[in-house]
S.K.: 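Here it is: the structure, laid out below.
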Amino acid sequence: MSVSFNSTLAFSLLNALFEDRSYVAGYEVSDKDVEAFNALPSGPNEASFPHAARWYKHIAAVKGLTAKAGSAAPAPAAAAEEDDEDVDLFGSDDDEVDEEAEKIKQQRLAEYAAKKANKPKTIAKSMCTLDVKPWDDETDMVALEAHVRAITMDGLLWGQSKLVPIGYGIKKLQINCVIEDELVSLDVLEEKIMEGEDFIQSMDMAAMQKI
């Protein structure tokens with residue numbers, strides 16, 4: 001069964017269809033493109049229907065079809081004294097095309113916004129190595145480390161530790177921790193550590209890197 005497109009509305013619909021796609025269906029030329037091509041009584045006017053005209057020329061070249069002469073540009077709107085029914089008819093067609101295009105645009109914007117909102121947020125973290133120094137060689141280092149590890153904060157995770165000699169029989173506690181940058185303030189963490197003033201002389205940041 002053959003199909004024939006004869007109206008300006010058909011060109012308008014095709015032009016809207018090919019504004020963001022290259023073929024009638026799928027991602028390569030198909031029989032549906034050939035059927036639509038043959039159904040057109042003339043080629044789309046390039047000035048009035050640029051997207052449809054681009055598709056029309058492409059299908060003709062790819063399938064070796066004979067392109068028909070381009071249609072004339074749509075006639076200007078009828079003067080007020082001419083048939084009102086014809087004016088309303090063409091105006092309604094254009095409104096339908098514009099409304100459909102706007103509906104598709106708004107739907108795609110909504111889908112993009114929803115996809116962006118559901119995208120998992122990356123949590124920035126840092127690996128820190130702290131040097132905690134005691135007052136002297138008689139400081140109870142077990143109690144000192146217990147004080148440090150007893151500090152709990154949202155986004156703070158204590159890791160491995162070791163005692164490192166610094167001279168005169170004194171050893172410092174070197175301890176690792178992972179922090180979530182938005183949740184843990186290093187200044188607050190230092191204040192909490194320095195609350196153990198009976199054990200601790202000072203605390204320094206030996207190393208820090210993003211992970």
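Numbering of residues begins at 1 and proceeds along the displayed sequence. What you see is a predicted model, and the numbers here were worked out from it, not measured in a lab.
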S.K.: What's the verdict on side-chain hydrogen bond (donor to acceptor under 3.5 Å, both in side chains) for Gln174 and Ser161, showing C-alpha distance, side-chain angles and the deciding distance?
M.R.: CA-CA 6 Å; Gln174 191 170 82; Ser161 64; over 6 Å; no
S.K.: Does Glu111, at its CD atom, have more than 12 non-hydrogen atoms belonging to other residues, nucleotides or ligands within less than 6.0 Å?
M.R.: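 Result for CD/Glu111: enclosed.
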S.K.: Passes salt bridge (Lys or Arg N to Asp or Glu O under 4.0 Å), Arg149 versus Glu145? Steps please.
M.R.: CA-CA 6 Å; Arg149 289 187 179 276; Glu145 181 173 354; 2.9 Å; yes
S.K.: Linking I/L/V/M/F/W/Y whenever any side-chain heavy atoms sit under 4.5 Å apart, do Val148 and Trp135 land together?
M.R.: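 No: no chain of side-chain contacts under 4.5 Å links Val148 to Trp135.
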S.K.: Under 3.5 Å, side chain of Asn38 to main-chain N/O of Val34, donor-acceptor pair present?
M.R.: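 Judged by distance alone, yes, a pair lies under 3.5 Å.
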S.K.: Kindly give the heavy-atom pair with the smallest separation between Phe49 and Ser12, and that separation in Å.
M.R.: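 Residues Phe49 and Ser12, closest heavy atoms: CE2-OG, 3.6 Å.
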S.K.: Determine whether more than 12 heavy atoms belonging to other residues, nucleotides or ligands lie under 6.0 Å from atom CD of Glu182.
M.R.: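 At most 12 heavy atoms, drawn from other residues, nucleotides or ligands, come within 6.0 Å of this atom.
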S.K.: Write down the atom of Asp154, the atom of Leu183, and the distance for their closest heavy-atom approach.
M.R.: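 Nearest pair, atom of Asp154 first, then Leu183: O-CB, 3.4 Å.
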S.K.: If you compare all heavy atoms of Pro134 against all heavy atoms of Lys172, which two are closest, and at what distance to 0.1 Å?
M.R.: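 Residues Pro134 and Lys172, closest heavy atoms: CD-CA, 4.0 Å.
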S.K.: Answer whether the closest heavy-atom distance between the side chains of Ser42 and Tyr56 falls below 4.5 Å.
M.R.: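 They are not in side-chain contact.
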S.K.: If only atom types and distance count, is the side chain of Arg21 paired as donor or acceptor with the main-chain N or O of Val24 below 3.5 Å?
M.R.: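 Yes; judged by distance alone, with no hydrogens or angles, the pair exists.
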S.K.: Is any side-chain heavy atom of Glu102 closer than 4.5 Å to a side-chain heavy atom of Gln106?
M.R.: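 Touching, per the 4.5 Å side-chain cut-off.
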S.K.: Are the side chain of Asp204 and the backbone of Ala206 linked by a donor-acceptor contact shorter than 3.5 Å?
M.R.: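 Pair absent, no side-chain N/O of Asp204 close to backbone of Ala206.
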S.K.: Under 3.5 Å, side chain of Thr139 to main-chain N/O of Asp136, donor-acceptor pair present?
M.R.: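 Yes, the answer is positive, given that a donor and an acceptor are paired below the 3.5 Å cut-off.
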S.K.: Do Ile179 and Lys125 come close enough that some side-chain heavy atom pair is under 4.5 Å?
M.R.: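 They are not in contact (no side-chain heavy atoms under 4.5 Å apart), so the answer is no.
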S.K.: Taking all heavy atoms of Ala67 and all of Phe37, pick out the closest pair and write down the distance.
M.R.: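 Looking at all heavy atoms of both residues, the shortest contact is CA-CZ, 4.0 Å.
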S.K.: Please answer whether the main-chain N or O of Ile151 pairs with a side-chain N or O of Trp158 as donor and acceptor at a distance below 3.5 Å.
M.R.: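 Pair found, side chain donor or acceptor close to backbone of Ile151.
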S.K.: Using side-chain heavy atoms (C-beta onward) and a distance below 4.5 Å, is Ile200 in contact with Leu173?
M.R.: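 Ile200 does not reach Leu173 side chain to side chain.
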S.K.: Does Val188 reach the side chain of Met153, with side-chain heavy atoms less than 4.5 Å apart?
M.R.: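 Yes. Closest side-chain heavy atoms under 4.5 Å.
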S.K.: Are the charged groups of Asp20 and Arg108 less than 4.0 angstrom apart, N to O?
M.R.: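 A salt bridge is present here (some side-chain N lies under 4.0 Å from a carboxylate O).
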S.K.: Do you know the tightest heavy-atom contact between Gly169 and Asp137?
M.R.: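 Reported closest heavy-atom pair: O-CB, 3.4 Å.
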S.K.: Give a yes or no on whether the backbone of Phe18 and the side-chain of Arg54 come within a donor-acceptor separation of less than 3.5 Å.
M.R.: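 Confirmed, Arg54 side chain pairs with Phe18 backbone.
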S.K.: Could you walk me through whether Trp55 and Asp33 pass side-chain hydrogen bond (donor to acceptor under 3.5 Å, both in side chains), step by step?
M.R.: CA-CA 9 Å; Trp55 164 83; Asp33 291 284; 2.9 Å; yes
S.K.: Among residues at least two apart in sequence or on other chains, which ones pass ring pair (Phe, Tyr, Trp, His ring centres under 6.0 Å) with Phe199?
M.R.: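 Counting only residues at least two positions away or on another chain, Phe199 forms no ring pair (Phe, Tyr, Trp, His ring centres under 6.0 Å).
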S.K.: Quick check: does any side chain N or O of Asn15 sit under 3.5 Å from a backbone N or O of His51, one acting as donor and the other as acceptor?
M.R.: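 Yes, because the side chain of Asn15 sits within donor-acceptor range (under 3.5 Å) of the backbone of His51.
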S.K.: For a 4.5 angstrom cut-off between non-hydrogen side-chain atoms, does Asp131 reach Met203?
M.R.: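 Contact flag for Asp131/Met203 side chains = no.
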S.K.: Asp198: what forms a side-chain hydrogen bond (donor to acceptor under 3.5 Å, both in side chains) with it, not counting sequence neighbours?
M.R.: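 For Asp198 there are no side-chain hydrogen bond (donor to acceptor under 3.5 Å, both in side chains) partners, ignoring immediate neighbours.
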S.K.: Under 4.0 Å between a Lys/Arg side-chain N and an Asp/Glu carboxylate O for Lys210 and Asp181?
M.R.: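 Salt bridge present between Lys210 and Asp181.
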S.K.: With a 4.5 Å limit on heavy-atom distance, are the side chains of Cys128 and Leu186 in contact?
M.R.: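 Result yes, sub-4.5 Å side-chain heavy-atom pair found.
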S.K.: Give the cluster check for Val132 versus Leu157: same hydrophobic cluster or not, with ILVMFWY residues linked at side-chain heavy-atom distances below 4.5 Å.
M.R.: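 No, it is not one cluster - the side chains of Val132 and Leu157 are not joined through contacts under 4.5 Å.
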S.K.: What's the spacing between Ile211 CD1 and Ser126 OG if we round to 0.5 Å?
M.R.: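 Answer for the CD1-OG pair, Ile211 versus Ser126, is 7.0 Å.
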S.K.: Are side-chain heavy atoms of Ile59 and Tyr23 found at a separation under 4.5 Å?
M.R.: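 Ile59 vs Tyr23: side chains touch.
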S.K.: Hey, quick one: are Leu130 and Leu156 part of the same hydrophobic cluster, counting side-chain heavy atoms closer than 4.5 Å, chains of contacts allowed?
M.R.: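 Yes; Leu156 is reachable from Leu130 via cluster members.
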